[in-house]
Amino acid sequence: MSEDKILNELNNILGNKTETPMPDSTAMIAKGVEILSQSPFSFPLIELMEKENINVHVVATMRESSYAPESKDIYIGITKFNPTHPTRFILLMADALLEAKLELDGIKQPALTEQKDKYISETADKKAKKIAHLCSIAFDLDQKEHFSAYHFIDEMHKMGHNEAIDVFIANL
Amino acid sequence: MVWKRLEKKDAHTVLDKLSSDEHAVVFSKDFTEVAYEELSFYSNFKLYRLINYATMPSFSMEYIGDDNVFIPLDGTANPIYAINAEAPIKLTNDNVVEYLDFFFSNVKGSDGDIYLIEDPKKMPALDSLDINQQKNITDNHIPLTILNDEASNDFIVSGTVYYGGCLISATIQVTSDGLINFKDREMLLRGIPFPNNEVNYYWMGER
């Protein structure tokens with residue numbers, strides 16, 4: 001970024017009418033459904049979403065995130081100052097749907113009051129299941145020529161799943 | 001600023017208030033911790049942090065609230081300016097820097113976080129830089145000064161900010177109603193990216 005752009009942007013950030021318009025959430029969710037339906041690893045999540053009437057909400061948050069507080073409601077947090085790239089949105093949507101699926105399968109996050117060893121092992125086990133499944137979705141979509149512009153594997157790296165996706169690919 | 005955890009009964013009152021808005025994010029009572037920080041520049045409004053532990057990683061959102069109204073912070077200046085008018089904000093020489101810290105903690109740019117650097121040795125993630133870069137920051141840092149323009153009642157804060165991998169000398173005007181404006185800014189140093197600071201993602205992929 002140029003020196004002038006950085007200096008000018010400082011004032012833009014402070015203005016109260018300068019935020020980037022949020023993309024239409026219905027269009028974003030439709031795009032997520034369309035693309036996640038293209039992989040046998042993520043299509044069951046879309047079927048689950050429809051069968052269980054899982055509501056997908058797009059909310060403005062400080063940082064990009066996904067959240068599944070209840071199996072019937074999942075949230076994808078995007079930032080107003082820099083609305084997220086479609087690839088990130090699709091992976092966040094998959095992540096939240098996976099969380100909902102695990103909940104529906106009875107694999108729940110242990111309570112904080114749980115014994116330490118049990119808490120750690122159950123949390124790690126649930127996380128591993130979710131990330132492994134997310135890696136398979138990202139890898140499968142990435143290999144499809146018509147989605148080559150989405151760079152799903154690169155996005156997994158940027159999301160901090162670099163080690164998981166590298167190990168996943170190395171073991172195929 | 002120090003977070004204080006709300007007792008369960010008070011936390012449930014906050015969650016009940018929030019859940020009365022059909023568009024609000026769901027935070028289950030069983031798995032949510034509510035904490036707050038006092039903000040010296042608001043007499044009635046506090047900063048609330050809700051963290052849900054039912055997911056890993058945990059999910060958090062912050063709100064400014066007064067027991068009745070809770071406005072979510074979304075990374076833009078709008079909610080803060082709205083509360084400044086509602087509260088209203090009361091700025092003094094003693095709390096204007098606290099207000100700037102609060103503002104920059106909750107308003108993000110497309111190139112990440114903005115820091116007002118009071119003490120370069122306490123800069124976040126300073127250790128991640130090499131020795132020469134750390135010395136450059138210390139040598140280029142301009143200490144913070146605060147002037148109160150009695151005619152306009154504005155505050156003029158001069159100092160150093162970090163944004164987009166750059167150290168910038170800045171004169172910041174803070175009006176009595178909390179509006180912030182960079183009056184002068186000059187690049188001091190480039191090429192000091194902190195880990196996980198830059199935000200690179202656009203919905204349409206263009207930049």
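Every chain is numbered from 1, with letters handed out A, B, ... down the list of sequences. If you're wondering where the values come from, they're calculated on a predicted model, not measured in any experiment.
For chain B, no part of A:Lys108 is nearby; none of its heavy atoms comes within less than 4.5 Å. Residue B:Asn106 touches chain A through both its backbone and its side chain, counting heavy-atom pairs closer than 4.5 Å.
B:Phe104 and B:Phe182 have parallel rings, their planes meeting at less than 30° on a 0 to 90° scale where 60° marks the start of perpendicular.
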Problem set entry | A:Ser39 vs A:Asp140, side-chain hydrogen bond (donor to acceptor under 3.5 Å, both in side chains): CA-CA, chis, key distance, verdict | CA-CA 7 Å; A:Ser39 166; A:Asp140 190 54; 2.7 Å; yes
Exercise. Is there a side-chain hydrogen bond (donor to acceptor under 3.5 Å, both in side chains) between B:His141 and B:Asp119 once you walk through the steps?
Worked result: CA-CA 8 Å; B:His141 177 260; B:Asp119 179 350; over 6 Å; no
Problem set entry | Verdict with supporting geometry, A:Glu155 and A:Arg88, salt bridge (Lys or Arg N to Asp or Glu O under 4.0 Å) | CA-CA 7 Å; A:Glu155 198 64 27; A:Arg88 172 70 64 103; 2.9 Å; yes
Problem set entry | Test log, rule side-chain hydrogen bond (donor to acceptor under 3.5 Å, both in side chains), inputs B:Asp66 and B:Tyr42 | CA-CA 10 Å; B:Asp66 70 343; B:Tyr42 298 135; over 6 Å; no
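Between chain A and the residues B:Val107, B:Asp30, B:Ile168, B:Ile80, the largest count of heavy-atom pairs under 4.5 Å involves B:Ile168. Heavy-atom pairs under 4.5 Å with chain B peak, among A:Glu99, A:Gln109, A:Glu103, at A:Gln109.
Shown here are the ring-ring contact (aromatic ring centres under 6.0 Å, His included) partners of A:Phe152, two or more places apart in sequence or in another chain: A:Tyr150. When the ring-ring contact (aromatic ring centres under 6.0 Å, His included) test is applied to B:Phe70, the partners found at least two apart in sequence or on another chain are B:Tyr48.
Checked against a 6.0 Å centroid threshold, the rings of B:Tyr36 and B:Tyr63 do not count as neighbours.
Annotation: residues 117-126 of chain A contacts chain B through A:Tyr119, A:Thr123, A:Lys126 [non-hydrogen atoms, separation under 4.5 Å]. Proximity to chain B at a heavy-atom threshold of 4.5 Å picks out A:Val59, A:Ala60, A:Thr61, A:Met62 from residues 43-62 of chain A, in numerical order.
Considering B:Thr32, B:Val26, B:Val25, B:Leu50 as possible partners of B:Leu18, the one that fulfils the side chain to side chain contact (heavy atoms under 4.5 Å, CB included) test is B:Leu50.
Judged by the 6.0 Å and 45° rule, B:Lys90 forms no cation-pi pair with B:Phe41.
Within the 4.5 Å cutoff, no side-chain heavy atoms of A:Met28 are placed close to those of A:Met93.
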